[in-house]
Every structure is written in structure tokens, then in C-alpha cells.
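Data first, discussion second: the structure below is written as C-alpha cells.
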Amino acid sequence: HESPHLTQTDQEIVAHSSNVSSLVLGKASGRLLATGGEDCRVNIWAVSKPNCIMSLTGHTSPVECIQFNSSEERVVAGSQSGSLRLWDLEAAKILRTLMGHKASVCSLDFHPMGEYLASGSVDSNIKGHTQAVRCLAFSPDGKWLASASDDSTVKLWDLIAGKMITEFKSHTSAVNVVQFHPNEYLLASGSADRTVKLWDLEKFNMIGSSEGETGVVRSILFNPDGSCLYSGSENTLRVYGWEPDRCFDVVHVGWGKVSDLAISNNQMIAVSSSQNNVSWYVVDLNRVKKSGSVLQGLIQDKLIPAPTSALGTTLRRNYERPTTSCTGQERSPSSEDEKEDKESSAEITNPEDYKEIFQPRSAISRTPPKRTEPFAAPLEHSFSESVLEKPGPAVKIVTPVIDRHALNAKASVMGDEEALAQIRKGHDTMCVMLTSRYKNLDTVRSVWASGDVKTSLDSAVSMNDLSIVVDVLNIINLKPSLWKLDLCTSILTQIEELLQSKYESYVQTGCISLKLILKRFWPLISDTLTAPPSVGVDITREERHRKCKACYKQLKNLSNVVKNRAEQVGRHGSTFKELQLLMAPLY
């Protein structure tokens, strides 16, 4: 079945200053798009709007792969050199830099409970694959990971046991994409061999395979209710059922080599790229056939008994999802991470759209959430010049004719405008950062009010924002009596980062804190660790010994940082020399 009239729109933007090398849609909303370019940037867009919302910098080689987390508050990007960078879009800042791969990163996925992410590379670092890992997908319950590779295989991994469960080998060419069914123990894969295959994850066998694809399968997506599977290949969208194999509909769309698919308000949103341009498309799924009993369009309905439902007759086990979600906490960046992050930034280029998309999530909503409206329906015709002349919503964004005389007339006032733009540059980003900082400090203050300084400090550390740690330390440093051995074990790792920070105020706070710790606790740590073992069981003494041992290990690491900084000429040189003398017993 081929739908003769389908609602489609096509809009094109210039996404980067050089070729677009990767792009991905946010699956939760279908309204957020991230693009990566050979210009080493990651740009964030609102689908259907022509202006970039945020531009993320830091990578030094082309961005080859991008992925949003499930809440679309964070984005991770992998580069040609093998590095990963993770940004917090709400706070407009870099969170982590990871250097695990030796070659181009070509697949990424976030764990559904937010605990960690997986990455695959041309270096085929997922053990067992012999060529590049093109796609990774976590199961809905977060217990399994599927990996697809250029070696024509799909592998299934048990994350708890840490081993491969099974390997599917029926594809005859590179496997580009895999996706788990939203509810059932079922996995779909799309390949360069022009087939889509479905795998039963209880019996570990193939239960379906398409044969109607006319090109490489680049993207697949289950309908949210699991009733059918969409397949994106060159200029074509297909809709599949299984048990028995059926192709319900074929939709011809001019998207070229489609890169990603998402569903929002029963509309299919798709994106593709060509050179430095990105185009997005919308297909009205209300007008797409998603049920029936046609087998690949070759056998008549009466020859194939129709299943009792669109899901087929076979009942499968469903995933068991946890009752509560876990957002997870990234560990604080190491000093090596900070060095990598120095050139990373998250610049807000469109404050209005940024506030509309990201800021409301941080506020307490007192009204029901506003439902996103579907994209406006374009004309039901093919894309041609005659369509553009008719009344109704535009089908394409047309480049306007530029009046060069008008540009010359404005040239005289551009000087002032450019100066103002330069002054304003970064202002909105700074406002967002300060708003996030204020929110985090308010959280710490509420814990502090209970009188538990240790919990307050732990809360500040868990936010992965050194500015919050500095603010809290500045208060504790004013009242040395607040320092306890428990605080030392929590903060010494953070102090190591502060001493190596590019911000002088962070270095100064770190030095003051370290000096107070050494003066108040070094005698206790030294005496405890050199004292002879006690006779009998002394739980309090054993606990103190454990804490002192942990502090000693951290102070030993810090002594090397202090020694290196003491040898450098700078504003804090004398302070580090003083710290070096205090830490002399550690050398």
C-alpha cells in the first residue's frame, strides 16, 4: 500500500560553517535537534525554528556522533579523535570530558535511568565486534545493551553479568541501527543489506525480516504503543508489522539519506543533512496505514490470516521497569578533565527560545503543563514551484532576495551595533549560570539550616559545580571550629581540583582550606596511623583510623600538586611554599 497524499513539510537551515557530520533528534519531545559539524561545534535547535539556540564548543576535531539523554537536559558528543564531552543544557555548562577511545566515536546511548552512558567507536572497543560499532541501545529496563556493527552482527550484552548473551548473524552487510521494542522482549535492526529484521529476546531467534527496502536502512523507530515499526531509507518511509511479516504502508519523502526519526503528536519528524545544511520533515501519521495484513505488498489479504491485533498473536514477556527513576550523579571531574574543559563552552545564541525550552523545567509549575502543538499542516502536494504560489503554509523556506543598496545604507551604523553586540555577548549565558548557581545554593542552605555541615558539604559536592563548593568552603573557613575529620574526607578531592583551577579565587579558597586542615588535623592523623594496635575491639578507634588513613592518602596526592605549584612563579607562589613546609612530613 502506498499513500497517495500525505502531509509533509521540508525546511532547510544552514547548521554549521562547514559540513554537518552528525545529527540527532530528542526522542522525548521530538522538538529538539542537535547537530555536529566538521567545525568541531555542537549546535542545539528547536525543530521548525531557523535560529540556533545554543552552540557548544570544546572539541578539537569533527563531531561524529551526538545523543540526548531521556529528559533532553543533557547532550553528549563524540569526536573524530575519540573524545567525549557531556554538557548540561539547563545550566549551560560542560560537565565532563572523557578520553576513552583511540579512534572516531560513532555510537552513543544514555542508560534509561540516567546512571551512565555507553559509547562505541571505529576502534571496536566493545569486545567481540571486529569492525566499527555503529549503534548502541539500552533495553527499556536498563539491564541489556544491544550493539550493531559494520561486521554485520548484532550483539546483546547482559550489563549485570558483564558478558555477551547472544549474537545475531543473519544480516549480510553493515548493521546501522538497532532499537528495542518499548514493551516486549523484541529487538529490531536495520542494515545496509536493505533489510529490517526482528529478533525474539526470549528464544533469541529471528522472527521477521523485510524484503521491500530499495536502499540502505538508516533509521528505525517503533510506534510508541509498539504496534508497528517505521523504517527510514533513502527518500522512503515504510511501516512494518510482524508475525506474519507485513508492510502496511510506503511513503515517498524527499529526505535523501535520512539520519534520525522521532514521533510527536502523532507526527513523524525526520532529519537529514547535505554539506553544511540540515533539513527536517514532518509526516502526518494519522494518514499512514499502520495495520492490516499485506505481506510485503506481494500477497493478497485473503491468503494470509490476519492476527487478532496489530501487535500480532504471539504474547511475549514485557520489560519490568523500576517504580522510581534514578537520575544518577556524575563524579566530579578530575584535574585532567578540567584541563580538557578549559576551552569548552556553552554559549546561548537565542535567549528567547532557550528560556522557552530549558528554563521552565527548573521552575515550579503552578498550572498544568502546556501541550506542544502539532506542526502546521502544509499543502497536500509534491514540492514544486507551483505549490509555493498557492495560499497556505509554506512548504519550503525560500532564501529572500538581498537588497545590496539597503545593506550599504546600514553600514554606517554597524559600528555601534557591533560594539553593543560584543558587550552583550555572553550576558545571557552568565545569567543562566548564576540562576543555576543560586538554585543550587538555596538547596545547600536548606540542608545547612538543619545544622548538619557534613551533609551540606556533601550536597554541594554532588552538584558537580566547583563554584558551589567554593561558596560553602568560604563560609566554613571563616569559622575553623566547624571543621571535623568527616569534612576532610569529603572535601580533600575537591581541594585538589581547586588548587589546579584557572580561577584565582578558587585557588585561594583551596589553599586556605588545606592550611586549616593541616594545622588542625595533621597531628591527629599522624598519631593515629603511627600508634600501636589496640588490644580488644575499639569500634570508635577503628573508625577514626579508617578516616585518618583515607585523609593521609588524599593528602599524599595533594602534596605533589603543592610541590609543583610551589616551584612556579605566580601570585600564590608564597602560599604554596608555606603549604609545602606544612606538608613536609608527607614527602
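Index from 1, following the sequence.
- Side chain of S79 to main chain of S61: no donor-acceptor pair is present (N/O by atom type, distance under 3.5 Å, no hydrogens or angles).
- K203 NZ to M206 CE: the interatomic distance, rounded to the nearest 0.5 Å, is 14.5 Å.
- Between L89 and L56 the shortest side-chain heavy-atom distance falls below 4.5 Å.
- Of the possible donor and acceptor atoms, none in the side chain of S83 sits under 3.5 Å from a partner among the backbone N and O of L98.
- One finds the OG atom of S139 at 9.0 Å from the CG atom of L201 (value rounded to the nearest 0.5 Å).
- Residues meeting the ring-ring contact (aromatic ring centres under 6.0 Å, His included) test with W199, sequence neighbours left out: F168.
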Set out, in order, the CA-CA distance, both residues' side-chain angles and the distance that settles side-chain contact (heavy atoms from CB on, under 4.5 Å) for L159 and K143, then state yes or no.
CA-CA 6 Å; L159 298 177; K143 295 179 180 178; 5.9 Å; no
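- Heavy-atom contacts from other residues, nucleotides or ligands closer than 6.0 Å to CD of Q275 number 12 or fewer.
- Checked by atom type and distance alone, the side chain of S272 pairs as donor or acceptor with a backbone atom of W255 at under 3.5 Å.
- The minimum heavy-atom distance linking P50 with I13 is given by the pair CA-CG2, 3.9 Å.
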Please determine whether side-chain contact (heavy atoms from CB on, under 4.5 Å) holds for the pair V250 and T236, giving the CA-CA distance in whole Å, both sets of side-chain angles, and the decisive distance to 0.1 Å. CA-CA 7 Å; V250 180; T236 307; 3.6 Å; yes
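- Checking side-chain atoms of S149 against main-chain N and O of V133 turns up no donor-acceptor pair under 3.5 Å.
- Shown here for A346 and K93, the closest heavy-atom pair between the two residues is CB-N, 3.8 Å.
- Heavy atoms only, all atoms of each residue included: M54 and T349 are closest at N-OG1, 3.6 Å.
- L156 contributes atom CG, which lies 12.5 Å from atom NZ of K163 (distance to the nearest 0.5 angstrom).
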Query - Pair L187-W144, side-chain contact (heavy atoms from CB on, under 4.5 Å): steps then yes or no - result: CA-CA 11 Å; L187 181 73; W144 291 351; over 6 Å; no
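- Within 6.0 Å of atom NZ in K257, 12 or fewer heavy atoms from other residues, nucleotides or ligands are found, so the atom counts as exposed in its surroundings.
- A donor-acceptor contact shorter than 3.5 Å links the side chain of K290 to the backbone of L285.
- Contact record, W242 with L229: CZ3-N, 3.9 Å, taken as the closest heavy-atom pair.
- Here the two rings, on Y185 and Y319, have centers that are under 6.0 Å apart.
- For the side-chain hydrogen bond (donor to acceptor under 3.5 Å, both in side chains) with H16, the lone residue among D39, N276, N277 that qualifies is D39.
- A donor-acceptor pair is defined here as one N or O able to donate and one able to accept, closer than 3.5 Å; no such pair exists between the side chain of H101 and the backbone of G78.
- In terms of modelled atom types and a separation under 3.5 Å, the side chain of N176 and the main chain of V217 share a donor-acceptor contact.
- Within the 3.5 Å criterion, the main-chain N or O of L23 finds no donor-acceptor partner in the side chain of D260.
- Looking at N265 and R31, their side chains come closer than 4.5 Å, going by heavy atoms from C-beta outward.
- The minimum heavy-atom distance linking K289 with D249 is given by the pair N-OD2, 2.8 Å.
- Rounding to the nearest 0.5 Å gives a distance of 5.5 Å between CD of Q67 and NZ of K27.
- Side-chain contact between D458 and S462: absent, with no pair of heavy atoms (C-beta onward) separated by less than 4.5 Å.
- For the pair Q179/V177, no side-chain contact is recorded, criterion being any heavy-atom separation below 4.5 Å from C-beta on.
- Side-chain contact between E347 and T57 is absent, with no heavy-atom pair separated by less than 4.5 Å.
- Side-chain contact between E90 and S436 is absent, with no heavy-atom pair separated by less than 4.5 Å.
- Using a 4.5 Å cut-off on side-chain heavy atoms (C-beta onward), I207 and L186 make contact.
- Put simply, CZ on R96 and CG on D88 are 13.5 Å apart, with the number rounded to the nearest 0.5 Å.
- Distance OG1/T60 to CD/Q80: 10.0 Å, rounded to 0.5 Å.
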| Intermediate values then yes/no, side-chain contact (heavy atoms from CB on, under 4.5 Å), L33 and T35 | CA-CA 7 Å; L33 169 68; T35 63; 4.0 Å; yes
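- Between Y116 and F138, the ring planes lie perpendicular to each other; the angle is over 60°, past the 30° to 60° tilted range.
- Side-chain contact between Y230 and L237 is present, with at least one heavy-atom pair separated by less than 4.5 Å.
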- prompt: Could you walk me through whether K197 and S209 pass the side chain to side chain donor-acceptor pair (under 3.5 Å) check?
  reply: CA-CA 4 Å; K197 299 188 186 297; S209 179; 2.9 Å; yes
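- Taking both residues in full, the closest heavy atoms of L32 and V47 are given as N-CG2, 4.1 Å, listed atom of the first, atom of the second, then distance.
- Although no hydrogens or angles enter the test, the distance criterion places no donor-acceptor pair under 3.5 Å between the side chain of R134 and the main chain of A132.
- Proximity of a side-chain donor or acceptor of H129 to a complementary backbone N or O of D151 within less than 3.5 Å is not detected.
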